[in-house]
2 protein chains.
Amino acid sequence: MNIEIKNILAIRPRESGDAKLEKTDVYIQGNKIAAIGKAPEGFAAEKTIDGTDRILTPGLINCHTHSYMSFMRNVADDLAFMDWLFGRVDPIEQKMTDEDAYWGACLAILEMMKSGTSCFNDMQMNICQTTKAVKESGMRAVICRGLVGSGNDEAGQSRLHQAYEERDAFADCDRLSFRLGPHAPYTCDEAFLRIVAEEAKKNGMGIHMHLSESRTEIENCRKDYGCSPIELAERTGLFELPFIAAHCVQIDDKDMDILKKHDVSVVTNPASNMKLGNGFAPVPEMLKRGINVCVGTDGAASNNSLNLIHEMSLLALIHKGTHLDPQCVSAEEVFRMATVNGAKALGLEAEIGAIEVGKKADLAIFKQKCPSMWPRNNPVAAFSYSANGSECESMIIDGEVTMENGKVLTMDEERILFETEKIMERIGR
Amino acid sequence: MNIEIKNILAIRPRESGDAKLEKTDVYIQGNKIAAIGKAPEGFAAEKTIDGTDRILTPGLINCHTHSYMSFMRNVADDLAFMDWLFGRVDPIEQKMTDEDAYWGACLAILEMMKSGTSCFNDMQMNICQTTKAVKESGMRAVICRGLVGSGNDEAGQSRLHQAYEERDAFADCDRLSFRLGPHAPYTCDEAFLRIVAEEAKKNGMGIHMHLSESRTEIENCRKDYGCSPIELAERTGLFELPFIAAHCVQIDDKDMDILKKHDVSVVTNPASNMKLGNGFAPVPEMLKRGINVCVGTDGAASNNSLNLIHEMSLLALIHKGTHLDPQCVSAEEVFRMATVNGAKALGLEAEIGAIEVGKKADLAIFKQKCPSMWPRNNPVAAFSYSANGSECESMIIDGEVTMENGKVLTMDEERILFETEKIMERIGR
């Protein structure tokens with residue numbers, strides 16, 4: 001569809017330096033941004049969106065979540081990690097059906113879309129259902145097949161092969177891409193990680209993995225392998241592939257050198273890292289080294305929100321607190337992390353994460369004229385410090401209007417809320 | 001007006017222990033909660049609110065802000081403290097007129113009401129305008145006359161006397177109470193603080209003061225007075241009065257003993273403390289000692305939001321991060337800090353902060369059936385971890401419906417946004 005967005009304040013992030021702010025018109029043809037400022041020759045708008053008193057940003061990119069866990073929001077809080085995982089989360093997940101996973105993913109997508117996110121990177125054991133929800137909802141996602149196993153484990157290997165089947169089954173939807181998701185060093189042994197690395201190379205797939213999240217993980221890795229999780233991932237060959245490392249909380253200078261050397265992208269998850277008592281990732285230090293840092297919410301069982309605006313605000317605040325430095329991690333840096341850096345991490349920098357002619361039309365429209373964003377002072381700072389996410393009014397993903405005036409057009413919100421509540425009544429309480 | 005709220009999930013915080021959750025009906029007569037569960041004899045509702053799929057909480061209490069600075073949101077970010085204060089905030093404040101202060105306070109009240117806050121504690125140099133905005137808007141507030149000065153300073157003393165005049169001028173509005181607000185140890189000398197203490201005693205007023213916010217403040221206080229700011233406040237006699245100390249970031253065991261001994265309430269401002277690079281207040285340690293800790297947003301120039309839900313989430317997360325302990329500062333503790341503890345700090349515990357028969361009807365109604373709060377798992381956790389504030393749908397303050405279905409009924413939102421933008425065009429850019 002030909003869409004024109006008139007008279008809007010566009011925040012156009014750049015790979016480095018401050019975002020460019022301009023009051024302009026944006027023209028969409030098919031699934032792409034066709035022009036900015038001046039309509040393309042012969043352009044006939046089928047839909048016009050009035051951008052007055054509104055802000056246009058690239059759709060935000062949530063680089064680490066476990067979408068279907070959304071119905072486990074607020075079921076396991078203020079608990080020690082083992083009680084959280086084995087006492088509450090695991091027992092519910094064990095009882096989950098495929099259909100539950102589908103509705104869980106739908107609820108997650110609903111929440112993300114309503115707070116400005118147009119693309120997410122998901123790690124799941126049951127990916128088909130999430131993939132189906134993404135396809136139907138108009139969302140964009142990278143789907144990472146969660147893998148656990150050891151070198152000799154047939155189950156682990158058969159999951160690997162399912163990953164290719166799942167990828168092939170959804171080859172017709174170009175809003176979807178796929179990666180392998182070896183879970184973590186404590187659930188995949190070294191032999192299995194080597195197999196995953198080889199398979200990924202053969203099949204042209206990138207990797208997404210939890211790395212260096214907790215102190216226990218580091219201690220056990222050193223005991224089992226004599227090295228840090230980052231060093232372990234390096235020596236298995238995994239870092240020779242496009243790699244997104246989730247968390248990286250407990251890392252040292254040597255680890256950061258390795259991450260930089262292999263151009264590994266790091267997704268930081270501030271809420272989850274604090275909530276589970278793991279601490280603060282060295283984000284300012286990684287940025288200083290030129291490591292590509294992006295941002296994720298993690299799953300709703302450990303956050304308990306998939307609102308990336310909330311995560312952006314944490315990111316802008318916490319490192320100023322830990323470093324006793326008000327200039328540490330600026331609003332501009334946070335905005336890049338949630339847009340261009342996220343796109344780069346997912347290998348989609350040519351397609352999304354910016355407002356540029358030729359890029360996919362993945363765009364979020366936020367109200368500016370509302371108490372939380374007002375007056376019209378620095379709109380980039382408003383995203384990191386003032387917005388709560390509910391200012392998001394409309395979403396365009398892959399050139400399709402998926403949300404308009406707060407209403408998601410591609411999903412049945414009432415049904416999703418009904419079904420997810422029913423799941424928790426059945427298996428969660 | 002007689003109001004009934006039917007079939008609502010009430011979160012009824014208690015002074016200690018978990019909040020009581022119950023699906024119930026709440027009956028309001030005049031400005032008070034007349035009954036819970038069963039209508040009072042002969043009750044005829046003039047207004048019925050359907051509470052289905054909604055949560056009722058006490059109106060939240062923001063215990064430290066500078067309301068009229070709301071138009072300075074996002075004008076001074078990611079700056080060193082001195083550049084923030086003297087380079088940006090001060091020059092704008094110098095140019096501010098009385099009318100500007102009025103519209104600034106209106107914008108602040110609008111934002112607070114829309115995110116569930118029914119009462120705030122304000123420190124200002126120009127209190128009349130804020131007081132007027134509070135009176136008109138139906139909000140509840142404690143207004144603290146900001147004071148700076150030295151023992152011999154006539155201006156300081158004349159401001160003190162203005163405080164009583166301002167209090168007397170608004171004696172007809174029982175949603176307002178007044179305190180003296182000596183600004184900080186670095187803007188009021190010891191002789192002046194002693195005068196303030198004596199005056200407050202004579203005039204029956206409590207005190208609100210910034211204490212132990214930054215490392216520089218501590219260093220200078222030790223140099224000038226040979227003691228910590230907390231010790232200084234104690235020796236001037238200020239702690240013999242009802243006292244709310246804002247910040248208390250840089251405090252030690254001895255300071256905490258003093259705070260506890262004098263029953264001083266501490267209001268923690270996590271966003272502001274991080275944003276200005278001051279660090280993290282020892283909230284878990286204060287709670288352990290039984291110090292009454294409540295929560296505030298600080299002003300919009302150093303936050304940049306007056307949404308207390310955002311502050312509650314920070315409070316529930318950051319101390320888990322700094323203490324590497326997922327059980328540190330629970331959702332239940334946070335909920336008490338934003339309600340009962342806040343009421344106690346303001347000396348209003350007999351009137352507000354809880355849903356109890358005989359208390360003032362200061363109530364917030366939040367949507368539960370929306371993606372960010374769904375499914376119906378632990379609703380107390382939902383407030384600390386999942387809500388973004390925009391779920392607040394209706395507000396009742398002092399028995400009056402001030403907001404309904406997201407629309408503030410007592411204020412002209414369009415006009416307030418128009419006027420505050422005009423102020424920044426004139427003096428802020």
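Chain naming here is simple, since letters A, B, ... match the order of the sequence lines and numbering starts at 1 in each. Since we're looking at a predicted model, the values are computed, not measured.
With a 4.5 Å cut-off on non-hydrogen atoms, A/C328 does not touch chain B at all. Only the side chain of B/N307 comes within contact range of chain A, with at least one heavy atom under 4.5 Å from a heavy atom of that chain. Heavy-atom distances place both the backbone and the side chain of B/I318 under 4.5 Å from chain A. Of the atoms belonging to B/L306, not a single heavy atom falls under 4.5 Å from chain A. Proximity to chain B involves both the backbone and the side chain of A/L324, based on heavy atoms less than 4.5 angstrom apart. Contacts between B/T322 and chain A at a heavy-atom distance below 4.5 Å involve backbone atoms as well as side-chain atoms. With a 4.5 Å cut-off on non-hydrogen atoms, A/L276 touches chain B through its backbone but not through its side chain. Interface residue B/E414: only side-chain heavy atoms are found under 4.5 Å from chain A.
The residues A/E413 and A/K114 are annotated as salt-bridged, a charged nitrogen and a carboxylate oxygen being separated by less than 4.0 angstrom. A salt bridge links A/K275 to A/D77: one of the charged nitrogens lies within less than 4.0 Å of a carboxylate oxygen.
Within the structure, every pair that satisfies the salt bridge (charged side-chain N to carboxylate O under 4.0 Å, His left out) test and touches residues 415-429 of chain A, not counting sequence neighbours, is listed here: A/D100-A/R426, A/R415-A/E419, A/E419-A/K422, A/E421-A/R429, A/E421-B/R376.
Residues that satisfy the salt bridge (charged side-chain N to carboxylate O under 4.0 Å, His left out) test with B/E111, not counting sequence neighbours, are B/R73.
In this structure, a donor-acceptor pair under 3.5 Å is present between the side chains of A/S313 and B/H310.
Note: A/F280 and B/F280 have tilted aromatic rings, judged against thresholds of 30 and 60 degrees for the angle between ring planes.
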